[in-house]
Amino acid sequence: MTGTAPAPFTADDYRARMERAARTAADAGLAGLLVAPGPDLVWLTGYAPTAETERLTLLVLVPGQDPVLVVPALEAPDAAKAAGAPGLTLRDWTDGKDPYAATAALLEASGRFGISDNAWAMHLLALQRALPGASYASLTDALPMLRAVKDAAELELMAAAGAAADATFEEIRKVPFGGRRESEVAADLADLLRHFGHSQVDFTIVASGPNGANPHHEVGDRVIERGDMVVLDFGGLKDGYGSDTSRTVHVGEPTDEERRVHDLVREAQEAGFRAVRPGVACQEVDRAARAVIADAGYGEYFIHRTGHGIGVTTHEPPYMIEGEEQPLVPGMCFSVEPGIYLPGRFGVRIEDIVTVTEDGGRRLNDTTREMVIVD
C-alpha cells in the first residue's frame, strides 16, 4: 500500500519527551529513570538497538541533569544516528571496563529510581551491587501513565494504524471462511495488515465455533464450518504505533441466540464507549460495559477486563478494569472490548480503539459492529 509517509519525530520532540519524563519522575518522588532497550527507549530517544545483548545499554534521566545514554562502544555509532541523539550525551564503554560503576557515578547513592520493566535481571543486580544504597521500582508501577497521553502527532499515527486495521477487516470479510482452516484465514489477516502498512503483526486470532469461547485462542488447524461464529482479533504496529480490533463474523445465517448474544455484546461495547470522558475513572468504562452483560444474565461469561492501553506497544497502561481509579485524560488511547464466551459453544467480542477527547471519546475503528455474514 502506498501513501504519504508520516513526518518523523524530531530531536526536539524526543528532547521534550525526556524532559517531561524526568519531571514526572521527580513529581513521583523518584531520583531518576533508568531506561533499557525496548519501547520506552524508542519512545524517549528514537533509538532501537539492532540486537539486545548482554552488554549494558541504559538511558539515565535525572531531574536537573542532561540525559545520558550509557552504550557499548561498538554500538555507539548507531546510537549517535538516532533521532533523539542530539538531546543527550553518549557515554560509551569498552569491553573489559565496568559499565555499572560508570552508571552508578551518574546516580544518587541512596536514590529511588524507576527502571524499565524489561530490563535484564543481570543488569539490575549488577547495579544493585554497584550502588547498594539505591532502590528501584518498575516503570509500570512507578509511572504507569508515562506514555499514556498521546500528542497530536501520535494521535494521527494511532488513527492511521486504526484505519489500516479497518481496511484489513473490510477485505477479510470478502474471503471464503467455510471449509478453510483457521490458520489460513489468520495468514490472510497478517498479509492484509502488511499490505495496509503494518511493519509488525503482533497477533491474528481466528477463533471459530467452540474455539471462540477462548478469548486468547491460539490459531490452529480447525476447519471452519458453516454455522460457526468466528472471533477475529488482529493488530500490530504501523509507523511505530499500534492497532488492535476485534469483530465477530458468522459463516452463513446465525441462530436467534447467536444474534441475541452478538447484539448484547454490541450494546455493551457502545455503553463502554459512551462512558469515556475526561475525569472519569478507568474502572467506570469497565463497569458500564459489564453492567449490560451482567443485567442480561451473562455476567459469568465476560471473563476479562474491558480494555487496555495502546501506543508504541499493543498492550500497555491504562487498563479498563474494576479497581483502576486513574482518571481518563484527553489523548489517552485504549481498547473497549467486552465479550461473552460460552464454553464448548461459541464466543463474541467486539473491540475498538478509543481516544479520550476534550468532551468525550472518539473511536479509531469505524467498521460495522453489526453482525457480518461471511461465506
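Not measured: the values here are computed from a predicted model. Note that the numbering runs from 1 along the sequence shown for the chain.
In summary, R266 and D263 engage in a salt bridge, as defined by a charged side-chain N under 4.0 Å from a carboxylate O. For the pair E370 and R259, the salt-bridge criterion is not met [side-chain N within less than 4.0 Å of a carboxylate O]. Under a 4.0 Å N-O distance rule, the pair D233/R349 qualifies as a salt bridge.
Between F169 and F234, the ring planes lie parallel to each other; the angle is under 30°, not in the 30° to 60° tilted range.
Going from atom CZ of R194 over to atom CG of L189 covers 11.0 Å, rounded to the nearest 0.5 Å. For the atom pair CD of E322 and OG1 of T306, the computed distance is 10.0 Å after rounding to the nearest 0.5 Å.
Applying the salt bridge (Lys or Arg N to Asp or Glu O under 4.0 Å) rule to pairs touching residues 288-299 yields D286-R290, sequence neighbours excluded.
In this structure, Y319 belongs to a hydrophobic cluster whose other members, linked by side-chain heavy atoms under 4.5 Å apart, are I321. Taking a 4.5 Å side-chain heavy-atom cut-off between Ile, Leu, Val, Met, Phe, Trp and Tyr, the cluster of V292 extends to M229, V261, L264, V265, I293, Y298, Y301, F302, I340, L342, F346, V348, I350, M371, I373.
Between H304 and Y341, the gap from one ring centroid to the other is short of 6.0 Å.
No side-chain heavy atom of H308 sits less than 4.5 Å from a side-chain heavy atom of F334.
At distances below 3.5 Å, at least one donor-acceptor pair connects side-chain atoms of D228 with backbone N or O atoms of E225.
There is no side-chain donor-acceptor pair under 3.5 Å between T24 and D27.
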